[in-house]
Protein chains: 2
Amino acid sequence: MSTAQGAKGARARARIEVTAAIKDEARGQLAAEGAAKLSLRAVARELGMASSALYRYFPSRDDLLTALIIDAYNSLGEAAEAARDTAADAGHVRRWTVVCEAVRAWALAHPHEYALIYGSPVPGYTAPDDTIPAAARVAYVFTGIVRDAHQGPGLAKPPLPAELRPEAHRMAAEFAPDLPPETVAAFVAAWAELFGLVGFELFGQFNRVVEDRETFFRHAAERLAHGVGLVFP
Amino acid sequence: MSTAQGAKGARARARIEVTAAIKDEARGQLAAEGAAKLSLRAVARELGMASSALYRYFPSRDDLLTALIIDAYNSLGEAAEAARDTAADAGHVRRWTVVCEAVRAWALAHPHEYALIYGSPVPGYTAPDDTIPAAARVAYVFTGIVRDAHQGPGLAKPPLPAELRPEAHRMAAEFAPDLPPETVAAFVAAWAELFGLVGFELFGQFNRVVEDRETFFRHAAERLAHGVGLVFP
DNA sequence: TCGCTTTTGTGAGCAGTGCTCTCGCTTGGT
DNA sequence: ACCAAGCGAGAGCACTGCTCACAAAAGCGA
């Protein structure tokens with residue numbers, strides 16, 4: 001037999017350990033210098049291994065980056081979920097804005113990671129499929145709040161122009177059959193608009209324009225909540 | 001004296017000519033492959049000059065990039081202005097959405113340029129001062145529409161929470177003393193939110209989510225107009 | 001236990017990058 | 001006609017992502 005250790009052979013355990021070490025070091029460089037300056041050789045150097053050895057774990061630099069992208073999505077998702085849970089028994093609008101503020105806070109704390117996932121997608125044009133579930137986590141937190149409001153008496157239906165009805169019905173049928181189509185359409189827009197607010201602040205578009213960004217953002221988020229139909233505090 | 005030619009000596013003319021050629025070639029590479037793959041050496045190669053000669057015109061790669069950034073802002077600004085002029089005598093909401101759609105169309109037509117200016121700012125953290133006036137052009141088109149509505153009877157005042165009043169007054173005093181503070185605050189938010197919508201579509205966040213993006217965007221833009229207080233069609 | 005295959009790690013090497021420096025040539029102004 | 005400034009060329013440095021042939025090492029069936 002063998003060492004009868006934890007599980008699945010020491011070989012496999014070492015592999016995931018080294019993989020994690022590489023990602024950690026890479027994440028550090030990403031946070032410090034940005035995705036553009038993330039260098040495989042520097043990561044290998046810091047880990048005391050030959051640069052070529054790193055290719056046993058990630059077939060290319062882009063693959064390392066997409067791994068970091070997934071981690072970033074999950075980190076942001078966790079932050080959003082944690083914020084939702086701390087405000088579990090507040091009103092719907094309050095819960096919405098609390099999560100919005102958590103997203104903003106995460107972005108300000110991890111600017112380069114945020115740029116990696118919501119800025120220009122550096123590698124190719126279309127995101128790899130692995131990123132989709134991780135990316136959906138934040139959105140899921142928001143839809144959960146909307147869903148709660150819908151089950152209680154806290155959701156007003158936004159107006160839905162006739163021209164947009166087919167698309168709204170399609171989106172609702174596919175992603176949230178239990179929610180009114182007008183709500184789903186309004187939510188998708190608010191979802192994108194929220195990240196417009198965060199991105200503008202983070203990428204310097206608000207420099208010399210918005211000063212008190214904290215309160216500005218909070219009220220913008222509140223207006224987004226109203227736009228989705230969240231009415232009670 | 002001199003050659004009595006067009007102006008300021010042939011030397012200077014040649015310089016701006018070569019500078020333009022470099023920018024053109026660089027813009028081509030940017031559009032084709034993205035900012036990450038823009039290579040000074042490739043530009044020089046394509047122009048038939050030594051790569052070191054290029055440094056007579058742009059002290060560094062980042063300087064070339066910021067030149068392209070300014071050009072991109074101006075190109076987007078021109079597109080917005082042109083759109084505004086084509087709808088000169090439509091209602092305020094219609095003019096607003098027409099300009100929004102022009103911004104979106106420009107972004108879809110120049111994805112890498114858009115990513116360069118509204119995606120992650122690649123060079124440093126703060127944008128060079130030269131970019132500010134160019135960046136303001138688009139915003140100025142929108143404020144022009146809002147101002148027109150304000151001078152006519154087409155502008156409703158959005159609600160302004162007490163907490164946001166100081167900031168709204170400050171922004172209004174600084175940028176648009178002729179507009180109500182509540183309008184200015186709502187506009188700044190709508191401005192950022194608009195680019196959230198465009199960015200999400202362009203960067204693939206709407207993949208598998210929004211199908212009929214044209215009409216989805218149009219109505220989202222309309223709702224933004226209403227949020228700012230634009231009421232008449 | 002032996003032997004074999006698969007997995008890891010190594011170092012050299014290729015093609016490419018941004019950028020610097022020195023060297024000559026051309027040009028503009030005086 | 002001279003001299004300084006501007007401009008282009010080439011070599012070179014330090015760095016990058018990535019590939020390849022090769023050597024240890026670990027796992028596993030016999």
Side-chain angles (χ1 to χ4, degrees), chain A residues 1-23 25-26 28-30 32-69 116 122-124, chain B residues 1-23 25-26 28-30 32-69 116 122-124:
Chain A
M1 248 265 98
S2 71
T3 55
Q5 249 285 33
K8 279 297 179 50
R11 192 85 264 165
R13 278 221 321 278
R15 178 163 241 284
I16 68 172
E17 217 165 82
V18 175
T19 308
I22 293 172
K23 284 209 292 186
E25 177 59 35
Q29 289 198 19
L30 170 64
E33 298 267 29
K37 304 209 169 174
L38 198 173
S39 147
L40 285 194
R41 291 181 110 111
V43 170
R45 209 178 300 135
E46 217 66 27
L47 262 53
M49 52 165 76
S51 66
S52 52
L54 220 144
Y55 287 82
R56 302 283 179 196
Y57 299 88
F58 295 94
S60 84
R61 183 180 182 275
D62 281 4
D63 289 270
L64 214 198
L65 270 184
T66 61
L68 293 182
I69 286 177
L116 191 62
V122 222
Chain B
M1 250 267 97
S2 73
T3 55
Q5 250 284 33
K8 282 295 180 53
R11 192 84 266 166
R13 278 222 321 278
R15 178 165 240 283
I16 68 171
E17 218 166 81
V18 175
T19 307
I22 293 172
K23 284 208 293 185
E25 178 60 34
Q29 289 198 19
L30 170 64
E33 299 267 28
K37 303 209 170 176
L38 199 174
S39 147
L40 285 193
R41 291 180 110 111
V43 170
R45 208 178 301 135
E46 216 67 27
L47 262 52
M49 54 165 75
S51 66
S52 54
L54 221 144
Y55 286 83
R56 302 280 181 198
Y57 299 88
F58 295 94
S60 86
R61 184 180 181 276
D62 281 2
D63 289 270
L64 214 198
L65 270 185
T66 61
L68 292 183
I69 287 177
L116 191 61
V122 225

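Treat the numbers as computed from the prediction; the structure is a model and nothing was measured. FYI, side chains are in, hydrogens and waters are out, and symmetry mates aren't considered; it's all heavy atoms of this structure. A note on names: the letters A, B, ... follow the listed sequences, proteins ahead of strands, and every chain is numbered from 1.
Here D:dG8 is the nucleotide among C:dT10, D:dA9, D:dG8 with the atom lying nearest to any side-chain atom of B:Y57. The side chain of A:M49 has C:dT10 as its nearest neighbour among C:dT10, C:dT27, D:dT16.
The CZ-P distance, from A:R13 to D:dA26, rounds to 14 Å in whole Å. We find that CG of B:L47 is positioned 11 Å from P of D:dA9, with the value rounded to whole Å. In this structure, the CZ atom of A:R15 is 12 Å from the C1' atom of C:dG9, given to the nearest Å. Distance, B:E17 CD to C:dT27 C1': 16 Å, rounded to whole Å. If you measure from atom CZ of A:R45 to atom C1' of C:dG9, you get 18 Å, rounded to the nearest angstrom. Distance, B:R11 CZ to D:dA4 C1': 14 Å, rounded to whole Å. Note: CG (B:L64) to C1' (C:dC19) measures 14 Å, nearest angstrom. The distance from atom CG of A:L65 to atom P of D:dC18 is 10 Å, rounded to the nearest whole Å.
Scanning all heavy atoms of the two residues, the minimum distance from B:A26 to B:L68 falls at CB-CD1, 4.0 Å.
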Worked check of side chain to side chain contact (heavy atoms under 4.5 Å, CB included) between B:L40 and B:Y55: CA-CA 9 Å; B:L40 285 193; B:Y55 286 83; 3.3 Å; yes
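For residues 43-54 of chain B, the set of pairs meeting the side chain to side chain donor-acceptor pair (under 3.5 Å) definition, not counting sequence neighbours, is empty.
Remark: the backbone N or O of B:I69 is not paired with any side-chain donor or acceptor of B:T66 at under 3.5 angstrom. Panel note: side chain B:R61, backbone B:L38; a donor-acceptor pair is recorded below 3.5 Å.
Counting non-hydrogen atoms under 4.0 angstrom, A:L38 reaches the backbone sugars and phosphates but no base. Residue contacts for A:S52: at a heavy-atom cut-off of 4.0 Å it reaches a base atom on one of the strands shown. Counting non-hydrogen atoms under 4.0 angstrom, B:L54 reaches nothing in the nucleic acid.
Using a 4.0 Å cut-off, no side-chain N or O of A:S51 falls inside it from OP1 or OP2 of D:dC18. Contact between the side-chain N/O atoms of A:R56 and the OP1/OP2 oxygens of C:dG9 is not found at any separation under 4.0 Å.
Nucleotides of DNA chain C nearest to B:Y55 and A:R41 differ in position, and the one nearer the 5' end is that of A:R41.
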